[in-house]
Undergrad: 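Pasting in a structure now, in structure tokens, and then I'll have a few things to ask.
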Amino acid sequence: MAQTATRSKPSTRGAAKSRRGSAVRGSGGGAFAGESPELLRDYFHEMTLIRRFEERAAQGYTQAKIGGYCHLNLGEEATVVGLMRALRKTDLLFTNYREHGYAIAKGIEPGRVMAELYGRTTGTSKGWGGSMHMFDVEAGLLGGYGIVGGQIPLATGAALAIDYRGGDQVVMCQMGDGTTNIGAFHEALNIAALWKLPVVFVVINNQLGMGTTVERSSAESELYKRAAAYRMHGERVDGTDVLAVRDAATRLVERARSGGGPALLEAVSERLKGHSVVDPAKYRSEEAVEKARQADPVANFRAQLIEAGVLDEDGAAEIERKAQAEADAAVAFADDSPHPDPSTLFDYTYATPVANDSRRLPADPVF
Ligand SMILES: Cc1ncc(C[n+]2csc(CCOP(=O)(O)OP(=O)(O)O)c2C)c(N)n1
Ligand SMILES: [Mg+2]
């Protein structure tokens, strides 16, 4: 039932000098053998863009341009990009509140993602959702949920709808390690397995739920094994390895698409910063912080690409400049966008009219 998927790191010897060409060749290509150099550079660009975007988001928060809560994907860039490359545009994605990178990698313009953080009308949720509540039907992103585990029954329901209508879409339901102890996790996995629904549950194991380690909170800390309770297929993958994540996710998504049923994929990575932008993470030891830094997927992928000859220093710096410019442009777009009019606060709460739809603003009298 369960297995682990890891890949060897590229060899330092005889790096293939294929800046161009159809594939990284030979043993010198190491773990990149057979991969398209173009695609590898594209992954590096997207991972770097997410890194730069999140850095700008943190900055915007400290400048009070962004309100509410703000959780970043720092350290999870390889997981985000690898997972999203396994999905078609028409596949549906449900995530927790740590979703800026997912929104970008699912195809939403970074400017619209930043505008949502800034609470502007050009944002994915017209500025009323904020960091935790991105939503874009066209891109197949059905949220963005602030309630831990809130997305799991909804994602399972979406998979039931696909199955009922006979569609070929697959649902991916992302969540954190801390979410696997929520009741809804177990209820939804049970139903998904019973009814063989086309959904892939993905646990982003960054080893922390706020300040609590997985070992302290989960009796079974190898989280993919929880699939066994529902006779579901479970796998663990190195979440700092974009190709390993892409390959594992693609396999499980296509398995679900062809009627093979749901699966649970656990991607293990490190959270580079605090739980949210305002968390200084004082509860982490110096060793733990250093271990996280060593596992930085963006820096490591950069070094591996250079080592394998897929990129040189100048090429890497050029991609980094481009990503920085895109993140800066997203900020400029957000900053230049209008604030929503308070009178529109309730306009998008329900898709259809409801009888007892309260439109009372906080300062309004109750009676
Ligand atoms: C039902 C519920 N309980 C508690 C919280 C407060 N809370 C927000 S995030 C979080 C930790 C979740 O950790 P994890 O699932 O590992 O996700 P991560 O933040 O590491 O991505 C908690 C307890 C909440 N939002 N919802
Ligand atoms: Mg976590």
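In each ligand, atom 1 is the first atom listed, and ligand 1 is the first ligand listed.
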Undergrad: Would you please determine whether R98 falls within less than 4.0 Å of ligand 1 on a heavy-atom basis?
TA: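 Contact check R98 vs ligand 1: positive.
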Undergrad: Judged by atom type as modelled, is there a donor-acceptor pair below 3.5 Å linking the side chain of T95 to the main-chain atoms of G144?
TA: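 Between the backbone of G144 and the side chain of T95 there is a qualifying donor-acceptor contact (under 3.5 Å).
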Undergrad: Please check if the side chain of D364 supplies one atom and the backbone of L361 the other of a donor-acceptor pair under 3.5 Å.
TA: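 Checking the backbone N and O of L361 against the side chain of D364, a donor-acceptor pair under 3.5 Å is found.
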Undergrad: Provide, to 0.1 Å, the distance between atom 25 (N) of ligand 1 and the closest protein heavy atom, together with that atom's residue and name.
TA: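 The closest one turns out to be G146 O, 3.0 Å.
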Undergrad: With a heavy-atom distance limit of 4.0 Å, tell me whether N206 approaches ligand 1 through its side chain, its backbone, both, or neither.
TA: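 Under 4.0 Å from ligand 1, N206 contributes side-chain atoms alone.
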Undergrad: For the side chain of R98 and the backbone of L72, is there at least one donor-acceptor N/O pair under 3.5 Å apart?
TA: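 Pair found, side chain donor or acceptor close to backbone of L72.
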Undergrad: Who's closest to atom 1 (C) of ligand 1 heavy-atom-wise, of T180, I147, N73?
TA: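 Of the listed residues, I147 has the closest heavy atom.
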Undergrad: If I compare all heavy atoms of V170 with all of V253, which pair ends up nearest, and what's the gap?
TA: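 Shortest heavy-atom separation between V170 and V253 comes out as CG2-O, 3.5 Å.
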Undergrad: Provide, to 0.1 Å, the distance between atom 16 (O) of ligand 1 and the closest protein heavy atom, together with that atom's residue and name.
TA: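 Protein heavy atom with the smallest distance to atom 16 (O) of ligand 1: G178 N, 2.8 Å.
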Undergrad: Please check: side-chain N/O of Y61 versus main-chain N/O of G68, any donor-acceptor pairing under 3.5 Å?
TA: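 Checked: pair present.
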Undergrad: How far is atom 13 (O) of ligand 1 from its nearest protein heavy atom, and which residue and atom name does that atom have?
TA: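 Of the protein heavy atoms, G209 CA, 3.3 Å lies nearest.
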Undergrad: Considering only heavy atoms, does H275 approach ligand 1 within less than 4.0 Å through its side chain, its backbone, both, or neither?
TA: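 Only the side chain of H275 comes within reach of ligand 1.
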Undergrad: Quick one, V278 and H275 - any side-chain contact, counting heavy atoms below 4.5 Å?
TA: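 Not in contact.
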Undergrad: Is there at least one pair of N or O atoms, one from V148 and one from ligand 1, spaced under 3.5 Å apart?
TA: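 It does: an N or O of V148 is found under 3.5 Å from an N or O of ligand 1.
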Undergrad: Taking the Mg ion (ligand 2) as the center, what protein N, O or S atoms are found at less than 2.8 Å?
TA: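 Result, waters dropped: D177 OD1, N206 OD1, L208 O.
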Undergrad: Any salt bridge linking R51 with E54? Criterion: basic side-chain nitrogen under 4.0 Å from a carboxylate oxygen.
TA: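 A salt bridge is absent here (no side-chain N lies under 4.0 Å from a carboxylate O).
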Undergrad: Thinking salt bridges, do R271 and D177 make one under a 4.0 Å N-O criterion?
TA: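 The answer is no: the pair does not qualify as a salt bridge.
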Undergrad: Hey, which of L252, L264, L265, V200 is the one that makes side chain to side chain contact (heavy atoms under 4.5 Å, CB included) with H233?
TA: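 The single option meeting the side chain to side chain contact (heavy atoms under 4.5 Å, CB included) with H233 is L252.
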Undergrad: Would you check if the side chain of E55 reaches a backbone N or O of F53 as a donor-acceptor pair within less than 3.5 Å?
TA: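 No.
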Undergrad: Quick one: look up the protein heavy atom nearest atom 15 (O) of ligand 1 and list residue, atom name and how far away it is.
TA: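 In this structure, atom 15 (O) of ligand 1 has T179 OG1, 2.7 Å as its nearest protein heavy atom.
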Undergrad: For atom 18 (P) of ligand 1, which protein heavy atom lies nearest, and how many Å away is it?
TA: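 Nearest protein contact, heavy atoms only, for atom 18 (P) of ligand 1 is Y97 OH, 3.4 Å.
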Undergrad: Looking at ligand 1, would N96 count as a contact under a 4.0 Å heavy-atom criterion?
TA: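 Heavy atoms of N96 do come under 4.0 Å of ligand 1.
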Undergrad: Below 4.0 angstrom, N of the basic side chain to O of the carboxylate: do R85 and E46 qualify?
TA: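 E46 and R85: salt-bridged.
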Undergrad: Quick one: look up the protein heavy atom nearest atom 11 (C) of ligand 1 and list residue, atom name and how far away it is.
TA: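 Among all protein heavy atoms, the one nearest atom 11 (C) of ligand 1 is M210 CG, 3.5 Å.
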